[in-house]
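Here it is: the structure, laid out below.
No experiment lies behind these values; they were computed from the predicted model shown. FYI, the numbering just counts along the sequence from 1. Below, all heavy atoms of this structure are taken into account, side chains as well, without hydrogens, waters or symmetry copies. Both ligands and their constituent atoms are indexed starting at 1 by order of listing.
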Amino acid sequence: MRNTGIAPTLTLAADEAASLLAGAQDVTLVAHVQPDADALGSALALGLALHQRGATVRVSFGAPEQTPESLRGLDVAGLIVGPEDVPAQPDLLVALDTASRDRLGCLADRVDTASAVLVIDHHATNERFGTHHLVDVEADATAVLVLELLDALEVPLDEPIARCLYAGLVTDTSCFRRADPNTHAVAARLLATGVDSEAVTRELLDTHPFGWLPMLATVLGRAQLEPASVQGLGLVHTTVRLADMAGVRSEEIESVVDLVRTTSEAEVAAVLKEMQPDRWSVSLRAKQCIDVSAAAAEFGGGGHRLAAGFTADGTADHVLHRLRTALHHAPRHQAQPRHGDISGSSGL
Ligand code: AMP
Ligand code: MN
Ligand code: MN
C-alpha cells in the first residue's frame, strides 16, 4: 500500500515490461484459477490494448470452464479462450494477479514452455516465477500495475479498457474502502473515460439470483463464533456445503465471506467451501492485525496479509482444527490506522 507516487524501481520494471510487450506479435494472458475481477479485468485490459496495437492476443484461465457470469461483459473483443486453445509453447506468456505457478491450474505447464513469462502481480506471497516481473506488493490491485504498464506503452485509455481495470479496483479494495490515494487517483482517470461506476459495481457485487437468500440463511445459520481462538482475538467460521450450492453461481458462494467477516467479535473469518467431499477451498479474512497469508501458507496457500486462501483435504472439523493451530501461531502486527492490504470482496 503506498501513499505517494510510484517507486523508481517500479517505473523501471514497468518500462522493461513495456519494451517486452511492445515488440510482441503473439501474447497469451492468463489469470489465476477461479478468476476474480482483478485477475480477469487486468488480463482483458492489457489484452484489449495489445489487440488494438495489432498483436494476436488470447486470454485464458485454468478453471472453471465458463467465465464467471458477472465478468463476461468485460470481454468486449471476444479474447477469452479455453485452456485447450492456449498454445503448448506460447511466445510470450503474461500471468496476472497470480502469486505462484500452481495458481494457474492446468495452464501452469505453459510457464515452463513459453519463450518468456511476464508476471504482473501485487500478492505478498508472489514467488517471482517468471522471466520478467512487474510485482508491487504495495499496489492495491494488479489493475493498478497494468495501468502503469499501459502508460509506459503510451496506450490511450478508452472506456472498455478502463472498465476492465475499474472492475479490478472495485473488488480488490472492497469498493474503495481500502484504497490508497494513488488508487483513488487511478479510479478518477478511469472514470473520466466514461465508465459507469454504478453499473459496473451493481453487476459485480450487488446482483444475485433469489436462490442466494435461502443459501445464505442456511450457511450463515451454521456460523460459529470462537472468541478464545486466534490468540484471544476471535474466530468466526462457517461452511458452504455442496448441497448449499445448487442453483447459485460462484459469485454467490464467494460473497459469503464478506458477510461473515463483519462479525465484530472476531478478528478472523474463515469460510470453508466444499469443492468435493472432504476437499475444501478456504477463504480467510482478517480485520486488522493477524497475518492470514502466513496461516494460509501453512496449508500451501497464500494471498495478502488481510485476505488469503488455501485448499485442504479432510473433514471440515479436521481442517478447522489445523486452522485454529495455524492462526494461534500466525504473526500479529500492530493494527494499522489506515488501509489494509486486503484483496477482494470476492477476493483478490
Ligand atoms: P479468496 O478467499 O478466494 O477471495 O482469496 C483471497 C486471497 O487469497 C486472494 O488474493 C487469492 O489470490 C488468495 N488465494 C485464495 N486461494 C488460494 C490458494 N489456494 N493458494 C494461494 N492463494 C490463494
Ligand atoms: Mn485475484
Ligand atoms: Mn488482486
If the contact criterion is a heavy-atom separation under 4.0 Å, does A99 count as touching ligand 1? no
For this session: Go through the steps for D180 and E138 under the test side-chain contact (heavy atoms from CB on, under 4.5 Å), then give the verdict.
Result: CA-CA 10 Å; D180 66 25; E138 302 289 309; over 6 Å; no
Checking distances from the Mn ion (ligand 2), one finds that the N, O or S atom of H32 closest to it is NE2
For H304, the atoms of ligand 1 under 4.0 Å from one of its heavy atoms are 10 (O)
When every non-hydrogen atom of E267 is compared with those of I290, the smallest separation belongs to OE2-N, 3.1 Å
Between D102 and S100, do the side chains contain a donor N or O and an acceptor N or O under 3.5 Å apart? yes
Here the gap from D85 atom CG to R58 atom CZ, rounded to the nearest 0.5 Å, amounts to 9.0 Å
Residues at least two apart in sequence or cross-chain that pass side chain to side chain contact (heavy atoms under 4.5 Å, CB included) with E159, listed by chain then number, are R163, T193, V195
Is it true that H122 and D172 share a donor-acceptor pair across their side chains at a distance under 3.5 Å?
yes
Atoms of ligand 1 under 4.0 Å from any heavy atom of G303, numbered from 1 in the order shown, are 8 (O), 13 (C)
Worksheet item: Do V33 and L40 sit in the same hydrophobic cluster, where Ile, Leu, Val, Met, Phe, Trp and Tyr count as joined when their side-chain heavy atoms come under 4.5 Å apart?
Response: no
d(L191 CG, H184 NE2) to nearest 0.5 Å is 11.5 Å
Could you tell me whether ligand 1 has any atom less than 4.0 Å away from a heavy atom of R285? yes
Item checked: 2.8 Å cut-off met by an N, O or S atom of D36 to the Mn ion (ligand 2) -> yes
One finds that the ligand 1 atoms under 4.0 Å from a non-hydrogen atom of G302 are 8 (O), 13 (C), 14 (N), 20 (N), 21 (C), 22 (N), 23 (C)
- Task: Could you go through the side-chain contact (heavy atoms from CB on, under 4.5 Å) check for I120 and S42 one step at a time?
- Result: CA-CA 9 Å; I120 307 176; S42 293; over 6 Å; no
**OP:** Could you tell me whether the Mn ion (ligand 2) has an N, O or S atom of D97 under 2.8 Å away?
**Re:** yes
For D38, the N, O or S atom at the shortest distance from the Mn ion (ligand 3) is OD2
Near S283 (heavy-atom distance under 4.0 Å), the atoms of ligand 1 are 1 (P), 2 (O), 3 (O)
_Below 2.8 Å, can you find an N, O or S atom of H122 next to the Mn ion (ligand 3)?_
yes
Mind checking whether G301 has an N or O less than 3.5 Å away from an N or O of ligand 1?
no
The Mn ion (ligand 3) -> D172, closest N, O or S atom is OD2
